[in-house]
Amino acid sequence: MMKIVVNGASGRMGRELVLCAQNGYRGACLSAAVDVTRPEADCPTYTTLDAVCEECDVLVDFSHHSATKSVLDFALLRGIPVVIATTGQTEEEQQMIQQAAKHIPVFFAGNMSIGIALLVSLVKTAVSTFPDADVEIIETHHNQKLDVPSGTALLLAHRMQEVLTDSVLLVGRHENGKRTAKEIGIHSLRMGNHAGSHTVCFGSNEQTLTLTHTAHSPRIYAVGAIRAAEFLLTQKPGLYGMPQLLSHLHIL
């Protein structure tokens with residue numbers, strides 16, 4: 001049984017993770033739930049990580065990137081793996097993650113969906129196959145999402161930039177309709193309670209290739225986080241992400 005502490009347990013994703021763990025998904029169980037607004041969960045609940053006294057095997061963070069230091073401090077003090085499922089980290093916070101990974105296993109991904117991880121791989125293959133195509137990313141999320149563009153849209157764009165090394169990102173196209181050959185366009189839609197959709201279009205004068213992933217429930221991110229936590233329990237200290245998880249699951 002894998003004992004999990006969830007940080008950010010009152011948030012949209014955190015609540016899904018709490019439910020998965022309470023239902024014993026893949027043998028997970030909830031050791032404690034933490035949020036600045038005390039969560040409702042069938043386990044010990046806290047408003048700060050440093051108040052947690054229960055035994056745990058892994059920490060999963062679904063809170064906010066500003067909590068990166070406290071999350072890493074908790075995991076380092078306990079000597080346990082940590083899954084960081086937040087986005088928008090500053091350069092300083094990214095350096096904290098790199099340093100912590102020298103001592104404990106750290107899983108860090110812009111999106112916890114295994115389907116999105118597969119999309120990232122397919123997108124990189126597509127842009128290698130059609131390097132001269134115009135590329136546009138369209139991402140849709142619920143109307144309360146804070147970051148624009150989403151961490152997943154940036155992840156997709158950055159993976160393509162590994163191939164298109166001289167490309168530039170253009171977020172939106174206000175009063176700038178004519179595109180250049182080096183652009184990767186990103187467009188963000190926010191509406192309702194949409195769980196998340198990402199479409200990448202590759203277009204030329206002759207053809208268009210469209211790749212889309214649509215989440216029907218935020219549960220997919222909780223499931224991905226538990227799979228990541230499960231994976232970390234068998235790993236040495238280091239920084240891991242979705243490519244390593246997919247390889248471990250023999251998907252890629």
Side-chain angles (χ1 to χ4, degrees), residues 12-13 65 85-89 107-225 227-228 240-247 249 251-252:
R12 185 181 175 90
M13 299 297 106
H65 71 84
T86 59
T87 59
Q89 279 74 13
F107 193 98
F108 181 42
N111 188 296
M112 297 307 300
S113 163
I114 291 175
I116 283 290
L118 183 56
L119 175 63
V120 170
S121 177
L122 294 173
V123 160
K124 192 169 181 180
T125 299
V127 80
S128 298
T129 306
F130 305 108
D132 297 325
D134 296 331
V135 183
E136 298 282 331
I137 300 171
I138 304 167
E139 54 102 348
T140 306
H141 285 90
H142 58 89
N143 59 21
Q144 298 301 301
K145 187 169 179 62
L146 296 176
D147 50 331
V148 175
S150 69
T152 303
L154 291 175
L155 173 64
L156 290 163
H158 291 157
R159 288 297 175 270
M160 287 189 283
Q161 285 186 306
E162 293 174 3
V163 177
L164 305 175
T165 55
D166 59 348
S167 62
V168 294
L169 303 186
L170 179 66
V171 179
R173 202 171 292 285
H174 179 63
E175 297 181 353
N176 189 21
K178 184 177 180 180
R179 61 176 295 130
T180 68
K182 297 182 179 181
E183 285 178 15
I184 296 176
I186 304 178
H187 312 276
S188 301
L189 307 182
R190 299 289 178 264
M191 51 191 183
N193 63 350
H194 202 293
S197 177
H198 297 84
T199 295
V200 185
C201 302
F202 302 87
S204 69
N205 292 338
E206 297 80 26
Q207 60 187 328
T208 298
L209 172 66
T210 302
L211 299 173
T212 298
H213 175 274
T214 300
H216 300 299
S217 165
R219 185 176 184 272
I220 65 168
Y221 307 115
V223 166
R227 297 301 295 266
Y240 302 91
M242 276 298 180
Q244 291 77 27
L245 178 58
L246 291 183
S247 178
L249 297 176
I251 295 175
L252 288 177

Do [X] and [Y] have side chains that approach each other closer than 4.5 Å (heavy atoms only, starting at C-beta)?
{"X": "Leu169", "Y": "His158", "result": "yes"}
{"X": "Ser150", "Y": "His198", "result": "yes"}
{"X": "His213", "Y": "Asn111", "result": "no"}
{"X": "Val120", "Y": "Leu156", "result": "yes"}
{"X": "Val123", "Y": "Arg159", "result": "no"}
{"X": "Met112", "Y": "Phe107", "result": "yes"}

Stepwise, does the side chain to side chain contact (heavy atoms under 4.5 Å, CB included) test hold for Gln144 with Arg12? CA-CA 10 Å; Gln144 298 301 301; Arg12 185 181 175 90; over 6 Å; no
How close do [X] and [Y] get, counting heavy atoms only, and between which atoms?
{"X": "Pro218", "Y": "Met13", "value": "CB-CE, 3.2 Å"}
{"X": "Thr212", "Y": "Ser197", "value": "CG2-OG, 4.1 Å"}
{"X": "Leu170", "Y": "Gly172", "value": "CG-O, 3.2 Å"}
{"X": "Met242", "Y": "Ile114", "value": "CE-N, 4.3 Å"}
{"X": "His141", "Y": "Gly196", "value": "CD2-CA, 3.9 Å"}
{"X": "Pro149", "Y": "Ile186", "value": "CB-CG2, 3.6 Å"}

Who are the side chain to side chain donor-acceptor pair (under 3.5 Å) partners of Lys182, not counting sequence neighbours?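 If we apply the side chain to side chain donor-acceptor pair (under 3.5 Å) test to Lys182, skipping adjacent residues, there are no hits.
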Residues two or more places apart in sequence or in another chain: which of them pass side chain to side chain donor-acceptor pair (under 3.5 Å) with Arg190?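 Scan of Arg190 (side chain to side chain donor-acceptor pair (under 3.5 Å), adjacent residues dropped) gives Glu139.
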Let me check something: any side-chain donor-acceptor pairs from residues 124-136 under 3.5 Å, sequence neighbours excluded? List them with distances.
unit_1	atom_1	unit_2	atom_2	d
Lys124	NZ	Glu162	OE1	2.5
Thr125	OG1	Ser121	O	3.2
Ser128	OG	Lys124	O	2.9
Thr129	OG1	Thr125	O	2.8
Asp134	OD1	Arg179	NE	3.4
Glu136	OE1	Arg173	NH2	3.3
Glu136	OE1	His187	NE2	2.5
Glu136	OE2	Arg173	NH2	2.6
Glu136	OE2	Arg179	NH1	2.1

NE2 of His65 to CG of Asp147: how many Å apart, nearest 0.5 Å?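 The CG atom of Asp147 is 8.5 Å from NE2 of His65, to the nearest 0.5 Å.
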When rounded to the nearest 0.5 angstrom, what is the spacing between OG in Ser113 and CZ in Arg219?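 If I round to the nearest 0.5 Å, the distance is 12.5 Å.
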What do you reckon, is CG of Asn143 surrounded by more than 12 foreign heavy atoms closer than 6.0 Å?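 Enclosed: over 12 neighbouring heavy atoms sit under 6.0 Å from CG of Asn143.
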